[in-house]
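Small disclaimer: the values here were computed from a predicted structure and weren't measured. Order of the sequence lines fixes the chain letters, A, B, ..., with proteins taken first and strands second; residue numbering starts at 1 for each chain.
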Amino acid sequence: MKLSRSFGKTLREAPSDAEMVSHKLLIRANFIRPLGAGIYTYMPLGYRVLNNIHAILSDEMDDIDGQEMLMPNLHPKEIWDRTGRWAQYSGVMFQIDAGGNRWYGMSPTHEEVVIDLIGREVDSYRDLPRMVYHISKKYRDEARPRGGMIRLREFIMKDAYSMHLSEESLDEYYPDMYQAYLNIFNRCGIDVIPVQADTGAMGGKSSHEFLFPHDGGEDDFIQCSNCDYAANVEAATFVRTGDKPDSLEELNKILTPDCKTIQAVADFCGIATSQTLKAVFLWATPPGKAEKEGKFVFAVIRGDLDVNEVKLSNALGGVELRPATEEEIKATGAMPGYASPIGLNVAKDADSDGVYVIADTSIENGGDFVVGANEVEYHYTGTNYPRDFAVTQMADIAEAGNGHVCGNCGEGTLSSRKAIEAGHCFKLGLRYSKPTNTTALGPDGKPHLVYMGSYGIGLDRLMGIIVEKYHDESGIVWPRSVAPYDIHLMNLGKEEEPKALCDQLYKDLKAAGFSVIYDDRPKVNPGVKFKDADLMGMPIRISIGRRSLENGGAEVKLRNSADRDVVAMDDLIAHVKAL
RNA sequence: CGGGGCAUAGCUCAGCUUGGUAGAGCGCUCGCUUUGGGAGCGAGAGGCCGUCGGUUCGAGUCCGGCUGCCCCGACCA
């Protein structure tokens, strides 16, 4: 490509609303242009990067017996009604009223289309297992697009779908996909950390996120200092430390003025927050049910820990949670700010009357706690479980964090980091085949619900991640595998000779199989050409000017190195091939 | 959805406090000069000051509504 004929131009300054480095550089270097919040045009250079990523993805997917296809982005409402997600996704999906009682959704994802296809194409176990994938646009009305390529309303995703006769078949296939994902990120030059993720209300046994650690990321994940354990904060387990005292104190009610927070209580009593218990009140609505069919949940946890709502939701069967109102709290007999299960009518199990109390296992690690007395300005000291109160359910509902002991090896210390989610593998199981009754005949002659897995990677987000990692103060430093062009060729002279040499070299390099962007712009100063080359970031730069010719040929420089070599014109192709 | 910020030329921003003819740098066009790190001189083009309403003789400037964009948080198979 000749720069003299290329569309758009580089910017000396980035728009002031761009914050992340990748966002600024991709705009400045003319790879992307914003159209609206979370909506971008991929300019010719950016599109070439996406195509390179596309090729890597296709290669790896094909390698594990996947087939590339292309599914529609306009989805009839009916297929989403069948899985119950038309209503569930109403806040996220762009839903279009096409008139005449026809409604369409713009593809936020493609499980519905795939399950419809499976129903049509897959008849028996002989048609399984299969994997199909496509790379196409997704639309999600994100509440807050951010960070340029990091969170988009319209984005490009590689989504793969595997289908199986049995759970064993899915389990068997899953590691191949997992390995393909590692290969993909490796080929893009990105180090990712695979972490166990929350399987959430979608059920299924296993889910992995591939995280790129980055302060600008949206995910929190946990790593162990000792073993290779890594998990999403919503799935991370840790060891509750602390022992019960040998002899227990008596329960004793004390006056605690102005102690509405755990910290205030601990300060007032001169104890650590781990010597207190705290209560959290939520309203839990079962999935797919109306809110009034839900129930009040009283969660108890040691004072130094926090409840993780996703863990809590999972422990309760995937319920929707919202904070309880003050009226709902008082109706149970508890007093906000001074609440505890002591003296409440605690339900024996989910079907019994009384208050549903769920406790984190941490309340068994320690004793003689200070807890609320369900009376304004009063707490109990010397509280011990189970002597002084009952719980309905004991579960792991605490959020893992810095300094906790690893739940995997039991020795290392956990630390929390921010990350960008680069990919996600998910065992969907029967989530989509069940409501649509999508079956295949087994060898036993009976219909079996089809097991599914889905596996996503955002191409534009991945492009952003690559730039986050590969840049310097002058611009982008593309890895070879995804660079829009291999070579940035520059004519620095105004005389005939360098121009003629460059024109010829441009042809020769392309004939030798390289992709080349050629800065042949006349009347543009060398300084400008250098700045643009650094900004755009092609791996190899070749420049010809009076000075290089005096030194015997063309100057060759790698973008990721400061070294410059002058190479004789005759040796140039061979030299570049050897790089 | 809650909190905060911003909106003036293609980009970065001044002008607003104290209302009175629309500004700068970069970019763009033309001419001359220059040609190895965003070069110089000269001449130009380019703006319904986001939008609607209010106050005023007069609003980019003051007041209110709306919209858009950015950041933090909530949310996010």
Enquirer: Is A:R322 touching bases, backbone alone, or none of the nucleic acid, heavy atoms closer than 4.0 Å?
Expert: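 Answer is nothing: A:R322 stays at 4.0 Å or more from every strand.
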Enquirer: For the P atoms, the ones on B:G73 and on B:C57, what distance do you get once it is rounded to whole angstrom?
Expert: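 Pairwise P distance, B:G73 against B:C57, rounds to 49 Å.
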Enquirer: Please evaluate the base of B:G38 for a donor-acceptor partner in the side chain of A:R521 within a cut-off of under 3.5 Å?
Expert: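 It does not, because no donor-acceptor pair links the side chain of A:R521 to the base of B:G38 below 3.5 Å.
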Enquirer: Between C1' on B:C76 and CD on A:E209, what's the gap in Å once rounded to a whole number?
Expert: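 So the CD-C1' distance, A:E209 to B:C76, works out to 11 Å.
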Enquirer: For a quick check of understanding: with a heavy-atom distance under 4.0 Å over all strands, which category does A:A143 fall into, base, sugar-phosphate or nothing?
Expert: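 Since a base atom lies under 4.0 Å of A:A143, the category is base.
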Enquirer: Name the nucleic acid region contacted by A:R461, choosing base, sugar-phosphate or nothing; use a 4.0 angstrom heavy-atom cut-off, strictly under.
Expert: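 If one applies the 4.0 Å heavy-atom cut-off, A:R461 turns out to touch nothing in the nucleic acid.
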Enquirer: Does a donor on one side chain sit under 3.5 Å from an acceptor on the other, for A:H134 and A:K158?
Expert: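 Not at all, the side chains of A:H134 and A:K158 share no donor-acceptor pair under 3.5 Å.
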Enquirer: Can you tell me, in whole Å, how much space there is between the C1' of B:G31 and that of B:A45?
Expert: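 Pairwise C1' distance, B:G31 against B:A45, rounds to 15 Å.
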Enquirer: In the strands shown, is B:A43 matched to any nucleotide by a Watson-Crick or G-U wobble pair with both distances under 3.5 Å, and which?
Expert: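 By the stated definition (distances under 3.5 Å), B:U29 pairs with B:A43.
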Enquirer: Check this for me: does the side-chain of A:R151 come within 3.5 Å of the base of B:C76 through a donor and an acceptor?
Expert: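 Answer yes: a donor N or O sits under 3.5 Å from an acceptor.
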Enquirer: Which nucleotide sits closest to the side chain of A:E13: B:G38, B:U12, B:C1?
Expert: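 Of all the options, the side chain of A:E13 is nearest to B:U12.
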Enquirer: Show your reasoning for whether salt bridge (charged side-chain N to carboxylate O under 4.0 Å, His left out) applies to A:D520 and A:R5.
Expert: CA-CA 9 Å; A:D520 62 332; A:R5 306 294 294 270; over 6 Å; no
Enquirer: Testing the basics here: between A:D460 and A:F155, what is the closest heavy-atom pair and its distance to 0.1 Å?
Expert: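 Looking at all heavy atoms of both residues, the shortest contact is OD2-CA, 3.2 Å.
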Enquirer: Using the ring pair (Phe, Tyr, Trp, His ring centres under 6.0 Å) definition, which of the options A:Y174, A:Y451, A:Y173 pairs with A:H164?
Expert: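 Result for ring pair (Phe, Tyr, Trp, His ring centres under 6.0 Å) with A:H164: A:Y173.
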Enquirer: Please determine, for the side chain of A:R144, which listed nucleotide (B:C70, B:G73, B:U12) has the closest atom?
Expert: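 Per side-chain heavy atoms of A:R144, the pick is B:G73.
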Enquirer: At less than 4.0 Å, is any side-chain N or O atom of A:S16 found next to OP1 or OP2 of B:C13? Yes or no.
Expert: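 Checking B:C13 against A:S16, a side-chain N or O does come within under 4.0 Å of OP1 or OP2.
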Enquirer: Give none if B:A7 has no partner; otherwise give the nucleotide forming a Watson-Crick or G-U wobble pair with it, both distances under 3.5 Å.
Expert: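 By the stated definition (distances under 3.5 Å), B:U67 pairs with B:A7.
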Enquirer: Rounding to an integer number of angstrom, what distance separates B:A59 and B:U21 when you compare their P atoms?
Expert: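 Their P atoms lie roughly 12 Å apart.
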Enquirer: What interatomic distance, in whole Å, is found between P of B:G5 and the corresponding atom of B:C11?
Expert: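 24 Å, rounded to whole Å.
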Enquirer: Can you figure out which of B:G38, B:G36, B:C71 approaches the side chain of A:L535 most closely?
Expert: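 Side chain of A:L535 sits closest to B:G38.
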Enquirer: Using atom C1' in both nucleotides, what's the gap between B:G64 and B:U18 to the nearest angstrom?
Expert: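 It comes out at 22 Å once rounded to the nearest Å.
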Enquirer: Should B:U21 form a Watson-Crick or G-U wobble pair with both distances under 3.5 Å, which nucleotide is its partner?
Expert: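 Paired with B:U21, as far as the under-3.5 Å criterion goes, is no nucleotide at all.
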Enquirer: I'd like the C1' distance from B:A74 over to B:G4, given in whole Å.
Expert: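 These two C1' atoms come out 15 Å apart once rounded.
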Enquirer: Tell me the interatomic distance from A:E142, atom CD, to B:C69, atom P, rounded to whole angstroms.
Expert: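 Going from CD in A:E142 over to P in B:C69 covers 14 Å.
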Enquirer: When we call it a touch if two heavy atoms are under 4.0 Å apart, what does A:G36 touch: a base, just sugar-phosphate, or nothing?
Expert: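 If one applies the 4.0 Å heavy-atom cut-off, A:G36 turns out to touch the sugar-phosphate alone, with no base involved.
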Enquirer: Using both distances under 3.5 Å as the test, list the Watson-Crick or G-U wobble partner of B:U35, or none.
Expert: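 The answer is none; no pair meets the criterion.
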Enquirer: With respect to the side chain of A:K9, which nucleotide from B:G38, B:C75, B:C28 is positioned closest?
Expert: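 Selected nucleotide (nearest to the side chain): B:C28.
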Enquirer: Side chains of A:R564 and A:V556: closer than 4.5 Å at any heavy-atom pair?
Expert: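 Side-chain contact under 4.5 Å: no.
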Enquirer: Select base, sugar-phosphate, or nothing to describe what A:G8 touches, counting heavy atoms under 4.0 Å on all strands.
Expert: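 Nothing: the residue A:G8, judged by heavy atoms under 4.0 Å, touches no strand.
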Enquirer: So if I take every side-chain heavy atom of A:R12 and compare against B:G37, B:U35, B:C26, which nucleotide ends up nearest?
Expert: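 Nearest to the side-chain atoms of A:R12, counting from C-beta on, is B:C26.
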Enquirer: Please report the distance, rounded to the nearest Å, between CG in A:L11 and P in B:U12.
Expert: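 One finds 9 Å between P of B:U12 and CG of A:L11, rounded.
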Enquirer: Which of the following nucleotides, B:C71, B:G37, B:U35, is nearest to the side chain of A:R146?
Expert: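 Closest nucleotide among those given: B:C71.
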Enquirer: Rounding to an integer number of angstrom, what distance separates B:U55 and B:G60 when you compare their P atoms?
Expert: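 Those two atoms are separated by 16 Å.
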Enquirer: When rounded to the nearest Å, what value does the distance between C1' atoms of B:A22 and B:G15 take?
Expert: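 Straight-line distance between the two C1' atoms is 9 Å.
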Enquirer: Mind calculating the distance between CG (A:D220) and C1' (B:A74) to the nearest angstrom?
Expert: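 The answer, rounded to whole Å, is 13 Å.
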Enquirer: Do the non-hydrogen side-chain atoms of A:V450 and A:T439 ever get within less than 4.5 Å of each other?
Expert: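 When only atoms from C-beta onward are counted, A:T439 and A:V450 do not touch, as no gap falls below 4.5 Å.
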Enquirer: Would you tell me whether A:Y455 and A:S162 have side-chain atoms, one donor and one acceptor, within less than 3.5 Å of each other?
Expert: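 Yes, side-chain donor-acceptor contact under 3.5 Å.
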Enquirer: On RNA chain B, nearest-nucleotide positions of A:V92 versus A:R546: which is more 5'?
Expert: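 Its nearest nucleotide lies further toward 5', so the answer is A:R546.
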Enquirer: CD of A:E309 versus P of B:C76: gap in Å, rounded?
Expert: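 Distance, rounded to whole Å: 9 Å.
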Enquirer: Within this structure, what is the CZ-to-P distance between A:F530 and B:G38, rounded to whole angstrom?
Expert: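 To the nearest whole Å, that distance equals 10 Å.
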Enquirer: Please report, rounded to the nearest Å, how far the P atom of B:G36 is from the CG atom of A:D532.
Expert: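 Value for this atom pair: 17 Å.
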Enquirer: Partner lookup for B:C76, please. Criteria are Watson-Crick or G-U wobble with both distances under 3.5 angstrom; report none if nothing qualifies.
Expert: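 Here B:C76 is not engaged in any pair, so there is no nucleotide opposite it.
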Enquirer: Please confirm whether any donor atom in the side chain of A:R547 sits under 3.5 Å from an acceptor in the base of B:G37, or the reverse.
Expert: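 Under the 3.5 Å cut-off, the side chain and the base do not form any donor-acceptor pair.
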Enquirer: Which nucleotide, if any, forms a Watson-Crick or G-U wobble pair with B:C62, using both distances under 3.5 Å?
Expert: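 B:G54 - that is the nucleotide pairing with B:C62, both distances being under 3.5 Å.
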Enquirer: Rounded off to whole Å, could you give me the CZ-to-P distance for the A:R28 and B:G38 pair?
Expert: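 Whole-Å distance recorded here is 14 Å.
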Enquirer: If you assign A:M157 and A:A14 each to the RNA chain B nucleotide with the nearest heavy atom, which residue ends up on the more 5' nucleotide?
Expert: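 Closest to the 5' end, via its nearest nucleotide, is A:A14.
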Enquirer: Under a 4.5 Å cut-off applied to non-hydrogen side-chain atoms, are A:V307 and A:E399 in contact?
Expert: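 A:V307 vs A:E399: side chains apart.
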